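Everything numeric in this text was worked out from a predicted model, so none of it was measured. Naming convention: chains lettered A, B, ... in sequence-line order (proteins, then strands); numbering from 1 in each chain.
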Amino acid sequence: MTVRVRYAPSPTGLQHIGGIRTALFNYFFARAQKGKFILRIEDTDQERSSEEALEDLYATLEWLGVEWDEGPIVGGPHGPYVQSERFELYQEYAEKLVSEGKAYRCYCTSERLEKLRAEQIANKSEQQGYDRHCRDLTQEERAALEQAGIPSVIRLKVPLEGKTTFNDLLMGPITRRNCDISPDPVLLKSDRFPTYHLANVIDDHMMEVTHIMRAQEWIPSGPLHILLYEAFGWETPTYCHLPMVMGSDGQKLSKRHGSTAVKDFRREGYLPEALLNYVSMVGWSYDSEREFFTKDELCELFSLEKINKSPGIFDYKKLLWYNGHYIREKSDAELAKLLIPYLEASSFIKSPPSQEEIKRVNEIVPLVKERLKVLSDVTELTRFLFEEIAPPQVEELLPKKQDAPTTLKALKGAYGYLKELEVEGVEAVEAKLMELANTLEVKVNGVFMPIRVAVTGSHVSPPLFDSIRLLGYEKAFSRIERAINILENEVHNE
RNA sequence: GUCUCCAUCGUCUAGUGGUUAGGACAUCGGGUUUUCAUCCCGGCAACGGGGGUUCAAUUCCCCCUGGAGAUGCCA
């Protein structure tokens, strides 16, 4: 039997870390087993589903390089793969359960249910949830309510006694007494759309899904779904509940922990390789040695046995580390292409950039490559090359434990040598600056730092000679002259 | 409240009935370097508690504790 798995998101928000982790595990499992990966859109919540969310889903999967074998856009033998387009099917199956006495119509208003719930919470009642008010209405009562045109929902008649068990691939057997299962959950809402429980079971069966891999938050409704399969007389699929992804405080990962939308990570300049690799390591590991995996490698090596049981905390710092690694792995040409949009957004270069600008970006790449954690870091790292910098403060120009007169001497002396840079070459000038430091009896840094601050406006920058070259000698020299003036003023005023 | 699940360094994890409990991130220290970063070397750091089973438990069982999730006409 070939493996068939699915990712079935509801398009009610941007794709987030937890969602794509589930998508990825399903996808890797399908590929590793030479099975099929199905995408299904669960848009049964008419209120919250949005076109924007759907577009975000497609964009995210494409960015990650996750392609589906069956689903919207590509089609397949069990379509449609969008639940709102399968509307009639759910009516049919829900009615079937009603006519067989396995489900019933409930006429309770949401006001009544809300009041009921509020009371249960206030009384700390042992019985939480629906009170099965409509479960045993007589024929006459039902007829009267129908006559009066009272809207209804369809609820599952959960057995009052006995217990239900399903076998989870990871957890082992999970059992719940039927009286503990959600009391008669709604299957068909008053707008006639199915709830998750109904649609999910029908579709997984119709689409011949063999393994249901979803987050552990679904464990409690596992037995309920089994009841549904049994009510329909269908064979149950294999379940595998994936460990959840948590925030740093151990709670379910959410916006308050930081970015969770894939879109946000993408905008900040995370690479799909890095996000995919890191996310896959939360809840799964290959062995104790290996931490880097490409998508193709995971498609080959992924296995259910190595999934962890316990929830994992999403570590933003480790993701950053992965991202830096993958940035450094890029060729200069590839990285330049990735960086250009960020430089455009900062108005450092035109959009689209000129040939000259592209050439310059290519020269900049090797200087910033090993300094980038995310692509957007390029802005602050290279700002001094594209924009005028504020005149440095005296304190900024002074290296640690070095006074203004000495620093002025160093900078002036250095400037004399730097002037010859184009003719003499980097090595010769470098040697002379070292010698200068020696003569002035200061550390090498005592000569280099003032130049760096003068040229880049910061103590932190790409390598100095490269920075000067890329900035252009004229501009660099005028910035040094300005710094010399600042120091001279300082020295004379004392 | 009730139900279900989980439990190795701060974090992600490897692992075994007998190990100096291994790796990675983070952190700290050192080296390379004109700064930062990269890179290299090293340090700190874990089997939640209590009972069993056993010659021996981090490992198997039970209880407790702690954490999480579910308890919707959301998924």
Of the listed nucleotides ([options]), which one gets closest to any side-chain atom of [X]?
{"X": "R371(A)", "options": "U34(B), A7(B), A37(B)", "result": "A37(B)"}
{"X": "P220(A)", "options": "A70(B), U34(B), C36(B)", "result": "A70(B)"}
{"X": "M246(A)", "options": "A68(B), A75(B), A24(B)", "result": "A68(B)"}
{"X": "E217(A)", "options": "A68(B), A70(B), U34(B)", "result": "A70(B)"}
{"X": "D180(A)", "options": "A70(B), A24(B), U2(B)", "result": "U2(B)"}
{"X": "I313(A)", "options": "U11(B), A75(B), A7(B)", "result": "U11(B)"}

*Using a distance-only test with no angle check, is there a side-chain donor-acceptor pair under 3.5 angstrom linking Y104(A) and D184(A)?*
yes
_Polar side chain donor-acceptor pair, E146(A) to Y107(A), under 3.5 angstrom_ = yes
*asked:* For A24(B), does the base pair up with any side-chain atom of K318(A) as donor and acceptor (N or O, under 3.5 Å, distance only)?
replied: yes
*Side-chain donor/acceptor contact of R176(A) with base of U4(B) under 3.5 Å*: no
[atom1] atoms of [N] and [M], separation to the nearest Å:
{"N": "A46(B)", "M": "A26(B)", "atom1": "C1'", "result": "15 Å"}
{"N": "G22(B)", "M": "C62(B)", "atom1": "P", "result": "29 Å"}
{"N": "U59(B)", "M": "U54(B)", "atom1": "P", "result": "16 Å"}
{"N": "C44(B)", "M": "G10(B)", "atom1": "P", "result": "14 Å"}
{"N": "U16(B)", "M": "A21(B)", "atom1": "P", "result": "15 Å"}
{"N": "U71(B)", "M": "C28(B)", "atom1": "P", "result": "43 Å"}
{"N": "A45(B)", "M": "G23(B)", "atom1": "C1'", "result": "14 Å"}
{"N": "U13(B)", "M": "C47(B)", "atom1": "C1'", "result": "13 Å"}

Would you classify [X] as touching base, sugar-phosphate or nothing, given that sugar-phosphate means primed atoms plus P, OP1 and OP2, and contacts are heavy atoms under 4.0 Å?
{"X": "S248(A)", "value": "nothing"}
{"X": "N308(A)", "value": "sugar-phosphate"}
{"X": "L464(A)", "value": "base"}
{"X": "P223(A)", "value": "nothing"}
{"X": "G324(A)", "value": "nothing"}
{"X": "F465(A)", "value": "base"}
{"X": "K443(A)", "value": "nothing"}
{"X": "K373(A)", "value": "sugar-phosphate"}

*For K419(A) and Y473(A), what are the C-alpha separation, side-chain angles and deciding distance, and is it a side chain to side chain contact (heavy atoms under 4.5 Å, CB included)?*
CA-CA 8 Å; K419(A) 278 284 208 185; Y473(A) 294 107; over 6 Å; no
Is there a side-chain polar atom (N or O) of [X] under 4.0 Å from OP1 or OP2 of [N]?
{"X": "K317(A)", "N": "A24(B)", "value": "no"}
{"X": "R328(A)", "N": "C39(B)", "value": "yes"}
{"X": "S285(A)", "N": "A14(B)", "value": "yes"}
{"X": "K309(A)", "N": "C6(B)", "value": "yes"}

*asked:* By nearest heavy atom, map K252(A) and G283(A) onto RNA chain B; which one lands nearer the 5' end?
replied: G283(A)
_Validation row, ring centre F314(A) to ring centre Y278(A) under 6.0 Å_ = yes
_Regarding D45(A) and K189(A), does a basic nitrogen lie under 4.0 Å from an acidic carboxylate oxygen?_
no
*Any ion pair linking E291(A) and K318(A) (charged N to carboxylate O, less than 4.0 Å)?*
no
Just the rounded figure in Å: distance from [atom2] of [N] to [atom1] of [X].
{"X": "E291(A)", "N": "U11(B)", "atom1": "CD", "atom2": "P", "value": "19 Å"}
{"X": "L224(A)", "N": "C5(B)", "atom1": "CG", "atom2": "P", "value": "16 Å"}
{"X": "N178(A)", "N": "U2(B)", "atom1": "CG", "atom2": "P", "value": "20 Å"}
{"X": "D168(A)", "N": "C5(B)", "atom1": "CG", "atom2": "P", "value": "10 Å"}

*Between L224(A) and P185(A), which heavy-atom pair has the shortest distance, and what is it?*
CD1-CG, 3.5 Å
*For P237(A), all residues meeting side chain to side chain contact (heavy atoms under 4.5 Å, CB included), sequence neighbours excluded*: I212(A), Y229(A), Y239(A)
*In chain order, what residues pass the side chain to side chain contact (heavy atoms under 4.5 Å, CB included) check against E430(A), with sequence neighbours excluded?*
V426(A), M434(A), F448(A), F465(A)
Sort out the partner of [N] for me: Watson-Crick or G-U wobble, both distances under 3.5 Å, none otherwise.
{"N": "C55(B)", "value": "G18(B)"}
{"N": "G29(B)", "value": "C41(B)"}
{"N": "A75(B)", "value": "none"}
{"N": "C5(B)", "value": "G67(B)"}

*Check whether any side-chain heavy atom of L188(A) lies under 4.5 Å from a side-chain heavy atom of E95(A), and answer yes or no.*
no
So which protein nitrogen or oxygen atoms get under 3.5 Å of nucleotides 72-74 of chain B's nitrogens or oxygens?
residue : atom : partner : partner atom : Å
C73(B)  : O2   : S190(A) : N            : 2.7
C73(B)  : O2   : S190(A) : OG           : 2.7
C73(B)  : N3   : S190(A) : OG           : 3.1
C73(B)  : N4   : C108(A) : O            : 3.1
C74(B)  : OP2  : K189(A) : NZ           : 2.7
C74(B)  : O2'  : D45(A)  : OD2          : 3.1
C74(B)  : O2'  : R48(A)  : NH2          : 2.8
C74(B)  : O2   : R48(A)  : NH2          : 3.3

